[in-house]
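In what follows, a single structure is set out as structure tokens and then discussed.
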Number of protein chains: 2
Amino acid sequence: MPRKPPSRWQRDPEGMRQRILDAARAEFAKRGSDGARIDRIARAAKANKRMLYYHIGNKDALYLAALEGAYEHIRDAERKLNLEALAPADAITRLIEFTWDYFLENPEFMALLNNENLHRARHLKRSKKVKQMHSPFVALLADILRKGVASGAFRSNVDPVQLYITIASLSYFYLSNNATLSTIFGRDLMGEDAKAERVAHMTDLVLAALRRGSTAKLDRLVAAS
Amino acid sequence: MPRKPPSRWQRDPEGMRQRILDAARAEFAKRGSDGARIDRIARAAKANKRMLYYHIGNKDALYLAALEGAYEHIRDAERKLNLEALAPADAITRLIEFTWDYFLENPEFMALLNNENLHRARHLKRSKKVKQMHSPFVALLADILRKGVASGAFRSNVDPVQLYITIASLSYFYLSNNATLSTIFGRDLMGEDAKAERVAHMTDLVLAALRRGSTAKLDRLVAAS
DNA sequence: GTAGTATTTAACCAACCGGTTAATAAAAGC
DNA sequence: GCTTTTATTAACCGGTTGGTTAAATACTAC
């Protein structure tokens with residue numbers, strides 16, 4: 001049977017590729033890599049299924065491309081963050097807010113990370129691209145901590161890697177697990193008040209923990225007062 | 001063709017049911033609900049596939065049963081934790097360690113939670129069973145905080161729900177995302193030293209944040225000394 | 001303007017999958 | 001001891017899925 005193509009089509013390989021990647025990221029984030037469907041990605045990209053294989057590759061390659069794109073996006077946002085002119089405590093506050101805002105506005109990133117951890121990072125491990133995208137945040141944190149100690153605002157001996165993980169964890173867990181936490185607590189964790197409370201709590205907790213004197217010396221000062 | 005059953009088999013409906021649930025939990029935790037396969041669960045349970053439908057139900061019902069079992073398990077462990085005789089700071093330390101140990105020893109629980117959040121808790125919302133399994137932890141935390149403020153060890157105005165989420169997040173994120181974090185940082189976060197460091201950091205950070213005086217009053221005391 | 005290449009469409013395929021049907025046999029009940 | 005019920009096994013099925021093949025057409029190069 002002679003095939004009848006639709007109205008004239010134009011070549012647009014770059015546009016096609018971008019639409020495919022956008023659709024892939026959304027689908028993999030929403031359904032996970034096992035629940036995602038090639039046909040749904042094609043439909044969302046307004047492309048023939050063959051296009052996915054032609055432009056990018058099989059499902060696994062598509063997923064890795066989506067993951068790399070997500071990392072590229074966050075690294076880009078991280079580099080734009082400029083904390084140089086801020087006092088250490090303000091810089092920490094800004095960092096916490098940035099992390100929270102990023103996860104809040106890009107839940108697909110957390111979904112892709114969760115999926116990647118489910119698969120024990122086996123795709124990430126194969127990505128040369130992501131290996132080269134180092135987060136500037138640990139170095140940034142080390143610098144902020146150094147300045148804080150020097151100025152007397154912060155106590156010493158805080159590991160920047162641990163602090164980085166902690167700052168990420170405070171937002172990530174709340175936002176990524178909000179569905180089960182909201183169900184368990186019988187309250188909407190994503191309400192405006194709830195979110196504002198959470199940000200305030202995180203900032204307060206981290207700054208309180210970093211403040212110089214929040215150790216045995218503080219106990220002596222408090223006892224003497 | 002006449003079917004030939006294997007050597008004699010005995011009825012063991014309770015044993016069968018338990019093996020099915022154990023196999024289901026392992027499979028859903030390892031592969032997610034979309035990646036999990038009914039045939040693999042049956043094989044691991046040493047059961048005919050029909051048995052899964054006969055004893056429990058379809059794939060969704062099986063998954064919900066596995067999720068409920070996981071919640072039952074953690075609630076059981078939480079109830080066994082007895083902090084009454086501990087000083088507030090020691091109680092907080094113990095709570096952090098319990099949370100860490102539980103997630104470390106039961107990674108399947110985190111995997112199931114991640115999967116459930118991917119599906120926006122739509123199974124959990126249907127579970128009457130889990131709704132009735134309230135965590136004793138928030139009340140426990142409220143009590144510890146009260147005692148801490150009364151004894152002068154802790155500052156006031158810390159929300160027990162926020163603190164609960166924070167304590168859970170510090171361990172959960174580290175352990176659940178250890179595959180991607182290890183790959184990104186180029187270091188093994190699950191090494192013995194790394195884990196010990198993490199526990200120490202979490203405990204130090206939370207206690208430092210709770211300590212009375214880690215506010216503006218501290219600044220005044222430090223300035224006056 | 002024609003041949004070649006790249007991009008795109010349409011249709012197809014083998015394997016897989018969740019779930020069902022039919023049959024067998026162990027145990028219970030009378 | 002025979003009938004009924006319950007638990008279990010074996011085989012089957014329709015639909016879905018990732019991936020491929022074949023063909024058509026837009027565009028490029030000469």
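Naming: A, B, ... by sequence-line order, numbering from 1 per chain.
Separating the CD1 atom of B:I56 from the P atom of C:dG18 is a distance of 15 Å, rounded to the nearest angstrom. Regarding B:W9, its CH2 atom lies at a distance of 14 Å from the P atom of D:dT6, rounded to whole Å. Counting to the nearest Å, the P atom of C:dA23 and the OH atom of B:Y54 are 18 Å from each other. Counting to the nearest Å, the P atom of D:dT16 and the NZ atom of B:K59 are 15 Å from each other. Whole-Å rounding puts the A:R43 CZ to D:dT16 P distance at 11 Å. Rounded to an integer number of Å, the gap from CE of A:M16 to C1' of C:dA6 is 12 Å. Regarding A:I41, its CD1 atom lies at a distance of 8 Å from the P atom of D:dG18, rounded to whole Å. Protein atom CG of A:N48 is 7 Å distant from nucleotide atom P of C:dA10, rounded to whole Å.
Side-chain atoms of A:R198 come within 3.5 Å of backbone N or O of B:Q162 as a donor-acceptor pair.
Between A:Y71 and A:F109, the gap from one ring centroid to the other is short of 6.0 Å. Side-chain rings of B:Y174 and B:H201 stay apart, their centers remaining 6.0 Å or farther from each other.
The residue among A:R50 and A:S33 whose nearest nucleotide of DNA chain D lies closer to the 5′ end is A:S33. Residue A:M51 is the one, among A:M51 and B:I38, whose nearest nucleotide of DNA chain C lies closer to the 5' end (criterion: closest heavy atom). Annotation: of the two residues near DNA chain C, B:Q10 and B:Y53, the 5′-most nearest-nucleotide partner is B:Y53.
Taking only side-chain nitrogens and oxygens, A:H55 never comes nearer than 4.0 Å to OP1 or OP2 of C:dA6.
Residues B:N114 and B:S176 bring a donor and an acceptor atom of their side chains to less than 3.5 Å of each other. If you check the side chains of B:E68 and B:S127, you find a donor sitting under 3.5 Å from an acceptor. For the 3.5 Å distance criterion, the side chains of B:Y63 and B:N115 qualify, holding a donor opposite an acceptor.
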Enumerate the protein-to-nucleotides 13-16 of chain C contacts in which both atoms are nitrogen or oxygen and the separation is below 3.5 Å.
none

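Among the heavy atoms of the strands lying under 4.0 Å from A:A36 are primed sugar atoms or P, OP1, OP2 only; no base atom is included.
Taking only distance into account, the side chain of B:R11 never meets the base of D:dA7 through a donor-acceptor pair shorter than 3.5 Å.
In this structure, of D:dA7, C:dG18, D:dT20, it is D:dA7 that holds the atom nearest to the side chain of B:P13.
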What's the verdict on side-chain contact (heavy atoms from CB on, under 4.5 Å) for A:W100 and A:K195, showing C-alpha distance, side-chain angles and the deciding distance?
-> CA-CA 10 Å; A:W100 169 266; A:K195 288 189 289 189; 3.7 Å; yes
